Amino acid sequence: MNRAQEKAVELLSEFGIDNIQDVDIRDLVYAKGIIFRESPLENYDGRIVYGKRGKALITVNSELKYEPRKRFTIAHELGHYMLGHNMKEVVHDNEASMEFYKSGSQETEANQFASELLIPTSIFLEYIEGEKFSPQLMHDLAGEFKTSVTSIVYKYLDYGSHPIVVFYSYNNKVKYWKKSADYKRWPKDMNNLPVPSCSVAEEWYKQRVQYKADDIQQIELNVWFNLCRAEENAWGYEYCLVSPKYNTVLSIVWEE
């Protein structure tokens with residue numbers, strides 16, 4: 001368990017919280033003596049401003065209507081506070097930092113803190129034990145933990161029993177990828193290149209096609225991965241989490 005996760009566990013332990021699903025994340029902010037408010041923030045989801053003697057103000061964009069995203073934003077800003085990030089500065093967070101985009105070690109830590117706070121690893125492992133991976137499982141877990149499906153996918157990436165790979169795209173360009181430690185294939189080098197032809201992500205960007213969780217699309221794995229000649233016709237599956245507002249796609253790829 002890393003430093004950010006340990007801080008989240010310590011915070012839950014401090015207030016004797018076993019089931020974070022039953023807690024309003026705002027109450028933890030208030031309990032730490034932090035001022036909290038919701039108001040319009042142009043181009044940002046959240047912000048933390050530090051005052052004197054350890055005081056702080058967390059502001060969340062009042063235009064955020066999706067409550068799971070709002071909860072993660074609050075937890076992310078609380079993570080900055082608990083981890084002592086940039087305590088002499090104003091810290092702004094937007095789509096990139098909130099979606100695990102590689103925007104710096106402090107943003108990564110704040111995301112790790114928020115993930116552990118909202119989706120405690122010990123409880124998460126109980127939920128997925130014996131469960132077969134599927135997009136529907138990710139949606140079901142998001143409902144249980146009252147957080148975004150994206151957050152659940154990244155948690156599963158690190159702790160799930162079935163290897164998966166995720167590709168994050170913005171404005172039809174692949175920005176980064178991440179895979180489970182035991183996934184055997186290696187993605188193509190396509191950072192900052194258009195999403196590959198014949199991918200489900202391409203269907204979104206070109207035709208605005210968005211599939212439901214129970215409508216899984218089969219793809220040729222050579223769309224995303226470097227394959228040897230003997231495996232060039234290997235098949236897998238791709239499911240996309242789409243954010244039309246930000247024009248982002250999180251492609252989840254896996255095999256049987």
Side-chain angles (χ1 to χ4, degrees), residues 1-13 17-23 25 28 66-76 79 98-101 108-168 176-185 187 200 211-219 221 224-225 235-243 249-256:
M1 187 170 286
N2 58 41
R3 183 177 87 103
Q5 291 173 307
E6 289 175 351
K7 282 291 185 180
V9 171
E10 288 174 10
L11 181 60
L12 293 174
S13 177
I17 298 172
D18 296 319
N19 192 343
I20 190 62
Q21 297 99 306
D22 297 332
V23 176
I25 191 69
L28 284 178
Y66 184 47
E67 186 61 27
R69 187 179 184 87
K70 187 177 292 185
R71 276 170 56 83
F72 193 88
T73 301
I74 297 170
H76 179 98
M98 300 307 299
E99 295 291 356
F100 291 80
Y101 189 75
T108 299
E109 273 200 323
N111 281 331
Q112 291 169 341
F113 174 92
S115 177
E116 187 62 31
L117 187 70
L118 299 177
I119 318 167
T121 300
S122 58
I123 300 176
F124 182 76
L125 291 174
E126 292 177 6
Y127 272 93
I128 65 173
E129 185 177 3
E131 295 288 343
K132 181 180 179 180
F133 173 82
S134 70
Q136 189 59 57
L137 175 63
M138 301 296 97
H139 281 271
D140 291 344
L141 290 172
E144 291 289 343
F145 287 95
K146 299 179 182 178
T147 189
S148 68
V149 183
T150 298
S151 301
I152 293 294
V153 169
Y154 278 101
K155 193 78 175 186
Y156 193 93
L157 193 69
D158 290 332
Y159 296 100
S161 57
H162 192 106
I164 63 174
V165 186
V166 298
F167 298 87
Y168 178 87
Y176 75 90
W177 57 264
K178 186 177 181 182
K179 70 186 186 76
S180 300
D182 53 349
Y183 192 86
K184 60 183 179 180
R185 305 188 193 280
V200 179
Y211 296 99
K212 296 181 179 179
D214 59 355
D215 190 10
I216 299 171
Q217 301 302 300
Q218 192 173 40
I219 62 165
L221 290 174
W224 290 103
F225 301 96
W235 291 83
Y237 303 94
E238 180 182 353
Y239 174 73
C240 291
L241 295 171
V242 176
S243 176
V249 174
L250 188 72
S251 294
I252 310 163
V253 179
W254 74 100
E255 302 173 47
E256 290 286 359

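Just so we're clear, the structure is a prediction, and the values are computed from it rather than from any experiment.
Looking at heavy atoms from C-beta onward, L117 lies in side-chain contact with L28 at the 4.5 angstrom threshold. I252 has its side chain out of reach of Y156: every pair of non-hydrogen atoms, C-beta onward, lies at least 4.5 Å apart. Side-chain contact between I20 and P120: present, with at least one pair of heavy atoms (C-beta onward) separated by less than 4.5 Å. For the pair S134 and W254, the minimum side-chain heavy-atom distance is 4.5 Å or more. Within the 4.5 Å cutoff, no side-chain heavy atoms of D158 are placed close to those of Y154. A 4.5 Å side-chain heavy-atom check between Q217 and E238 finds every atom pair outside the cut-off. Within the 4.5 Å cutoff, the side chain of V9 has no heavy atoms near those of the T121 side chain. The closest side-chain heavy-atom distance from S148 to Y66 is below 4.5 Å.
Salt bridge E10/R3: absent, no basic N to carboxylate O contact under 4.0 Å. Salt bridge present: E255 and R185 bring a charged side-chain N and a carboxylate O closer than 4.0 Å.
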Audit row: L118, S151, side chain to side chain contact (heavy atoms under 4.5 Å, CB included) steps and yes/no: CA-CA 9 Å; L118 299 177; S151 301; over 6 Å; no
Stepwise side chain to side chain contact (heavy atoms under 4.5 Å, CB included) test for I25 and F72: CA-CA 9 Å; I25 191 69; F72 193 88; over 6 Å; no
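To the nearest 0.5 Å, atom CG of residue D18 and atom CD1 of residue I123 are 7.5 Å apart. From E67, atom CD reaches atom CZ of R69 across 12.5 Å, with rounding to the nearest 0.5 Å. In this structure, the separation between CD1 on I216 and CD on Q136 is 9.0 Å, given to the nearest 0.5 Å. To the nearest 0.5 Å, atom CG of residue N2 and atom NZ of residue K7 are 12.5 Å apart.
With sequence neighbours left out, Q218 forms a side-chain contact (heavy atoms from CB on, under 4.5 Å) with W235, Y237. In this structure Y183 satisfies the ring pair (Phe, Tyr, Trp, His ring centres under 6.0 Å) test together with F225, sequence neighbours excluded.
None of Y239, W224, Y176 except one satisfies the ring-ring contact (aromatic ring centres under 6.0 Å, His included) rule with F167; the exception is W224.
In this structure, K70 places its NZ atom where more than 12 heavy-atom neighbours from other residues, nucleotides or ligands lie under 6.0 Å away.
For Y159 and F124, the distance between ring centers is not under 6.0 angstrom.
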